[in-house]
Amino acid sequence: MGGTEARDGKGAAGSAGDAGGTGSAGDAGGTGSAGGTGTTGGAGDADGPGGPPAPGGTADGAKVSAALTTPRGRRPVVAALMLGMALAAIDGTIVSTAVPQIVGDLGGFTVFSWLFSGYLLAVTVTLPVYGKLSDTFGRKPVLIAGIILFLVGSLLCAAAWNMGALIAFRVIQGLGGGALQGTVQTIAADLYPLKERPRIQAKLSTVWATSAVAGPVVGGLLAGYADWRWIFLINLPVGAIALWLVVRHLHEPARPRPKTRPRIDWAGALAVFATGTLLLTALVQGGVAWPWLSAPSLGLFAASAALAALTVVIERRAAEPIIPGWVWRRRTIASVNLALGAMGLLMVAPTVFLPTYAQSVLGLGPIAAGFVLSVMTLSWPVSAALSDRVYNRIGFRLTAIIGMSAALLILLAFPLLPYPGEPWQPALIMLLLGAALGLFQLPLIVGVQSTVGWAERGTTTASVLFCRQVGQSIGAAVFGAVANSVLAARLLDAPAPGLPDDLDAVARALEDPGALSAAATDHLRRAVDAAVDHVYIGAAGAAALALLALVVLAPRRFPVIAETATTEPMIAETTTTGPVTAQTVTTEPVTAEKDGKQGPAA
């Protein structure tokens, strides 16, 4: 059976799919309705109403997608996407290495952590806003605005005169970074049909892997031999090239003017921004700047809860909500959101606590400790690139379940490592974990993007990334509290008085072992070992939550949109005659994933 997309219980035309694809699919449905010339209507959703059609008619989404799907036309666009993603990916790692020089020059040691927290807040809370804007006005203007905003923020950061100014300018950078992360992923799905999407996703994963390794090296060299301000100025030529490539080569054919002017849900955007800012501030600063049960923490959590309720009310009444209800009413999208949120939670264990473990327990230097972590970024893109060979046979859901099941076992193996152990042992754990998570994340992202049409893909992608970012923030708060609690309990019977009782202070004390007795040093190292073991057990619990979301909520077969076209796709390039005009695309009906292949929709 098929079904019309609906909003607020009323029928609406289905949104258009990929190059020659059909309208967007829900999780089940009734009859399809014509969405425009040459396309079929979107399949409905038994779990909740769908979203509105693409502006200008549903055929338009197919035109836009078709214009970006030939190898010759998309090469410069892919280069622009990779450069844009590199700006966002390398940012955190390159800045972290220059913190001592920044603090030494500008001061503000007590608030320097907001260099990272402020950027993270801005990226996270703007993801849903940019996702909706890209669905309403197109990807290109949002991406251009994001690159410009990021570069303006970078230039201002380089000119900062004190720590307060630098933090404020980092927030501006983050406002651009939110547009980069969400829109790049959405355009990547627009560029490639389903069977080719692992190719672009593997390239983007490689950008993150390269940035994780190159960031600390480049940041250290610039901070040590030039000036820390160059870590921001280096963004300018990279971003300028990406901006030129986007302006020159990314062409979204003009769509028919909609009958009614698109409405921007400014009230919803402000509510989402305020709610996310208060919640993430509470999570980031709780247990650090103030105790968890103190008045600031409780006040922020209460205020964020009240604003969240207000956001729901605003979004229910909005004509074009920033976070549409169908994002959570459709089983496929909701389950992927929850699963990737849980993955963000578990990722805190290796990215935040493993370097401390490697230095404090194994006695490695910062570079060697970074290598122990970076091996995960080597196996992740390889596994992601090969995942299509698995999900094309057994389906998206089962592939992701296999990947997260393996990750669960690997995380549980970490506490079994001997004390103090050899560096290759946690490195092997990370190598295997990267392979498992690559097999988990990419099929879910590709799968969920393939169940919606152009007019809903930006919102869907942003919701997935938003949940993953929030999961990371929650994980940092929760696992930080777990680690410090275990550490404090282990230090109750310390062999020497006056030893530090939080993880950061212990790590600093172990950097100067001559100041401690051998017994005290060993006791502190064992305490850190126990604390990190408990964090990995908690990460295994997060992996179990991800599995639960997939097993209980995710449909056995993702309702994938067919993408077979009977006409030659258009080329997006301007090397000869400029932007090409749209042509009619004939498509096949919406289909459901069945054992990794296309089959009739249920």
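The residues of the chain are indexed from 1 along the displayed sequence.
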Counterpart residues, salt bridge (charged side-chain N to carboxylate O under 4.0 Å, His left out), relative to Arg170 (two or more places apart):
Asp91
List the atom pairs, donor and acceptor, that lie under 3.5 Å between side-chain atoms in residues 180-187 and the rest of the protein, sequence neighbours left out.
{"unit_1": "Thr183", "atom_1": "OG1", "unit_2": "Ala179", "atom_2": "O", "d": "2.7"}
{"unit_1": "Gln185", "atom_1": "OE1", "unit_2": "Gln201", "atom_2": "NE2", "d": "3.2"}
{"unit_1": "Thr186", "atom_1": "OG1", "unit_2": "Gly182", "atom_2": "O", "d": "2.9"}

Is it true that the side chains of Thr136 and Glu320 contain a donor and an acceptor less than 3.5 Å apart?
no
Please identify each residue that fulfils side-chain contact (heavy atoms from CB on, under 4.5 Å) with [X], with sequence neighbours left out.
| X | result |
| --- | --- |
| Leu83 | Val238, Ile241, Ala242, Leu245 |
| Thr459 | Lys132, Asp135, Pro324, Trp326, Val327 |
| Val312 | Arg316 |
| Leu120 | Thr124, Gln469, Ser473 |

Are the side chain of Ser383 and the backbone N or O of Ser379 linked by a donor-acceptor pair below 3.5 Å?
no
According to the interplanar angle, ranging from 0 to 90°, do the rings of Tyr391 and Phe396 count as parallel (below 30°), tilted (30 to 60°) or perpendicular (above 60°)?
tilted
Test of understanding: with side chain to side chain donor-acceptor pair (under 3.5 Å), list the residues that count as partners of [X], not counting sequence neighbours.
| X | value |
| --- | --- |
| Ser463 | Asn337 |
| Ser154 | Gln173, Asn235 |
| Thr275 | Thr311 |

Phe169: what forms a ring pair (Phe, Tyr, Trp, His ring centres under 6.0 Å) with it, not counting sequence neighbours?
Trp161
Mind checking what makes ring pair (Phe, Tyr, Trp, His ring centres under 6.0 Å) contact with Trp266, not counting sequence neighbours?
none
Pairs where residues 462-476 contributes a residue and the test salt bridge (charged side-chain N to carboxylate O under 4.0 Å, His left out) is met, not counting sequence neighbours:
none
